[in-house]
Participant: 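Below is one structure. I have some questions about it.
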Protein chains: 2
Amino acid sequence: MPNTISPPTNLQRLAEWLKVLAEPNRLLIFNLMMEGVQCNCELGDGLQMAPNLISHHLRVLREAGLIDVERDALDARWMYYSINLQALEELNQAWSSFFDPQRIKPRRLTCGPHGEFIRLDLEEAR
Amino acid sequence: MPNTISPPTNLQRLAEWLKVLAEPNRLLIFNLMMEGVQCNCELGDGLQMAPNLISHHLRVLREAGLIDVERDALDARWMYYSINLQALEELNQAWSSFFDPQRIKPRRLTCGPHGEFIRLDLEEAR
DNA sequence: TATATAATTCAATGATGATTGAATTACTTT
DNA sequence: AAAGTAATTCAATCATCATTGAATTATATA
């Protein structure tokens with residue numbers, strides 16, 4: 001009997017979010033945004049990155065739904081980015097339900113030299 | 001005055017962990033290990049992946065310190081992988097201190113059309 | 001000792017995606 | 001209308017890394 005695998009339904013989504021956030025420069029950008037930094041120019045100041053590159057990363061973050069963007073009401077040349085709080089909540093929810101240490105189950109015994117009847121003194125191998 | 005940026009000291013480390021976990025197949029493997037699946041063969045069963053590819057991903061997870069490995073005491077051909085609980089704790093710690101919604105600060109006002117004196121009715125843009 | 005098994009290593013390939021420089025867009029100011 | 005500014009888009013390049021198939025290692029069994 002093959003393993004009956006039922007990954008959390010949000011596993012795919014979690015993987016996509018992690019991919020977006022795993023890029024070092026994007027994580028730095030996200031970090032600055034957590035601290036209230038919000039426009040391309042200012043991010044460029046802080047990170048020494050070309051504005052078009054920042055635009056690229058902001059777009060990836062935005063397409064992942066992690067951040068929002070809007071134009072300045074008085075001078076519409078300026079864009080303000082901000083962290084999407086709801087997405088952040090969902091992200092944290094998905095993360096903690098996946099990486100919860102309590103989820104860890106003891107060893108499955110469907111393989112190895114002893115099949116289902118593995119000797120107990122091997123159980124410490126967990 | 002440029003931004004004085006002080007990302008959490010564990011930001012680099014967090015980025016590395018995220019990179020490792022952001023790979024969809026690795027996340028699936030990690031998921032199976034949370035459920036107690038532990039050897040190459042069994043992972044292959046569940047994931048339809050070539051054993052050498054699984055070995056590759058297990059190595060990446062292991063080199064990141066996320067999982068441990070040991071040989072079966074009775075038949076040393078079999079390897080048993082398991083999640084490193086301490087690493088998991090550190091991972092969760094790094095994650096939650098970084099992605100804590102409470103960390104989010106209001107907009108910084110060092111750029112934009114109004115400098116430090118931006119009008120308050122724009123503040124809802126947060 | 002020879003063969004089989006679990007897993008890994010190696011070398012090559014391919015795809016993805018970050019980065020770069022040069023336009024281009026959107027908007028404001030003169 | 002012309003020039004300037006913030007930001008984005010575009011096309012091309014480059015690096016990284018997952019994937020694949022073919023050895024190779026380590027161990028056990030016949």
Side-chain angles (χ1 to χ4, degrees), chain A residues 15-30 33 37-64 67-82 110-115 118 122 125, chain B residues 15-30 33 37-64 67-82 110-115 118 122 125:
Chain A
E16 282 162 17
W17 274 331
L18 293 187
K19 204 174 206 172
V20 167
L21 292 165
E23 211 293 313
N25 279 334
R26 251 175 340 243
L27 198 60
L28 282 173
I29 288 175
F30 198 90
M33 291 181 58
V37 176
Q38 286 187 340
C39 61
N40 193 318
C41 65
E42 198 177 17
L43 290 168
D45 264 14
L47 295 176
Q48 314 271 50
M49 288 173 58
N52 57 348
L53 183 52
I54 296 178
S55 276
H56 163 68
H57 288 307
L58 288 173
R59 175 212 273 260
V60 175
L61 288 167
R62 185 163 44 77
E63 286 178 347
I67 64 177
D68 296 321
V69 60
E70 61 187 324
R71 284 184 185 277
D72 186 289
L74 294 185
D75 186 337
R77 285 174 297 183
W78 297 74
M79 311 289 293
Y80 296 125
Y81 286 89
S82 58
T110 64
C111 73
H114 311 293
I118 192 168
L122 287 177
Chain B
E16 282 163 17
W17 273 332
L18 292 187
K19 203 176 205 171
V20 167
L21 292 165
E23 211 292 312
N25 279 333
R26 265 193 307 262
L27 197 61
L28 282 173
I29 288 175
F30 198 90
M33 291 182 57
V37 177
Q38 286 188 338
C39 62
N40 193 317
C41 67
E42 198 177 17
L43 291 168
D45 262 15
L47 295 176
Q48 315 270 47
M49 288 173 59
N52 57 347
L53 183 52
I54 296 178
S55 276
H56 163 68
H57 288 307
L58 288 173
R59 174 211 274 259
V60 175
L61 287 167
R62 186 163 43 78
E63 287 179 345
I67 64 177
D68 296 321
V69 60
E70 62 186 324
R71 285 185 185 276
D72 186 288
L74 294 186
D75 186 337
R77 286 174 298 182
W78 298 74
M79 311 288 292
Y80 297 125
Y81 287 89
S82 58
T110 64
C111 73
H114 311 292
I118 193 167
L122 288 178

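Proteins come first, then strands; the chains are lettered A, B, ... in the order of their sequence lines, and each starts at number 1.
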Participant: How many Å lie between CZ on B:Arg59 and C1' on D:dT25, as a whole number?
Facilitator: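 One finds 13 Å between C1' of D:dT25 and CZ of B:Arg59, rounded.
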Participant: Please report the distance, rounded to the nearest Å, between CD in B:Glu23 and P in D:dC17.
Facilitator: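 Going from CD in B:Glu23 over to P in D:dC17 covers 11 Å.
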Participant: Where each residue is assigned the nucleotide of DNA chain C containing its nearest heavy atom, which of B:Leu58 and A:Asn25 is assigned the position nearer the 5′ end?
Facilitator: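 Looking at the nearest nucleotide for each, B:Leu58 comes out on the 5' side.
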Participant: Of all of residues 49-56 of chain A, which get a heavy atom below 4.0 angstrom from DNA chain C, listed by number?
Facilitator: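 Those residues whose heavy atoms fall under 4.0 Å from DNA chain C, taken from residues 49-56 of chain A in numerical order, are A:Asn52, A:Leu53, A:His56.
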Participant: Taking the side chain as everything from C-beta on, heavy atoms only, tell me whether A:Asn25 gets closer than 4.5 Å to A:Leu47.
Facilitator: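 The answer is no; the side chains never approach within 4.5 Å.
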Participant: First and last nucleotide of DNA chain C touching chain B, 5' to 3', heavy-atom cut-off 4.0 Å?
Facilitator: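 So the contact region on DNA chain C extends C:dT5 to C:dT9.
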Participant: Answer with base, sugar-phosphate or nothing: what part of the nucleic acid does A:Arg62 contact at a heavy-atom distance below 4.0 Å?
Facilitator: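 No contact.
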Participant: Do B:Met79 and B:Asn40 touch side chain to side chain, with heavy atoms closer than 4.5 Å?
Facilitator: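 Sidechains of B:Asn40 and B:Met79: no contact.
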Participant: What distance do A:Ile54 atom CD1 and A:Gln48 atom CD have between them, rounded to the nearest 0.5 Å?
Facilitator: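 The CD atom of A:Gln48 is 10.0 Å from CD1 of A:Ile54, to the nearest 0.5 Å.
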Participant: Before you tell me yes or no, could you show the steps for B:Met49 and B:Leu43 under side-chain contact (heavy atoms from CB on, under 4.5 Å), namely the whole-Å CA-CA distance, both residues' side-chain angles and the distance that decides it to 0.1 Å?
Facilitator: CA-CA 8 Å; B:Met49 288 173 59; B:Leu43 291 168; over 6 Å; no
Participant: Measure the distance from NZ on B:Lys19 to P on D:dA18 and round it to the nearest whole Å.
Facilitator: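 It works out to 9 Å between those atoms.
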Participant: Whole angstroms only, please: what is the CD-C1' distance between B:Glu63 and D:dC17?
Facilitator: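 These atoms are roughly 13 Å apart.
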Participant: Are any non-hydrogen side-chain atoms of A:Leu58 and A:Met33 less than 4.5 angstrom apart?
Facilitator: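 Yes - at least one pair of side-chain heavy atoms lies under 4.5 Å apart.
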Participant: How long is the gap from NZ on B:Lys19 to CG on A:Leu27, to the nearest 0.5 Å?
Facilitator: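 Reported value, rounded in 0.5 Å steps: 11.5 Å.
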Participant: Find the distance between CD (A:Glu23) and CZ (A:Phe30) and round it off to the nearest 0.5 Å.
Facilitator: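 One finds 14.0 Å between CD of A:Glu23 and CZ of A:Phe30.
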Participant: So, taking the atom named CG in B:Asp72 and the one named CZ in B:Arg77, what distance separates them when rounded to the nearest 0.5 Å?
Facilitator: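 These two atoms lie 10.0 Å from each other.
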Participant: In this structure, how many angstroms lie between the C1' atom of D:dA7 and the NE2 atom of A:His57, rounded?
Facilitator: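 It works out to 15 Å between those atoms.
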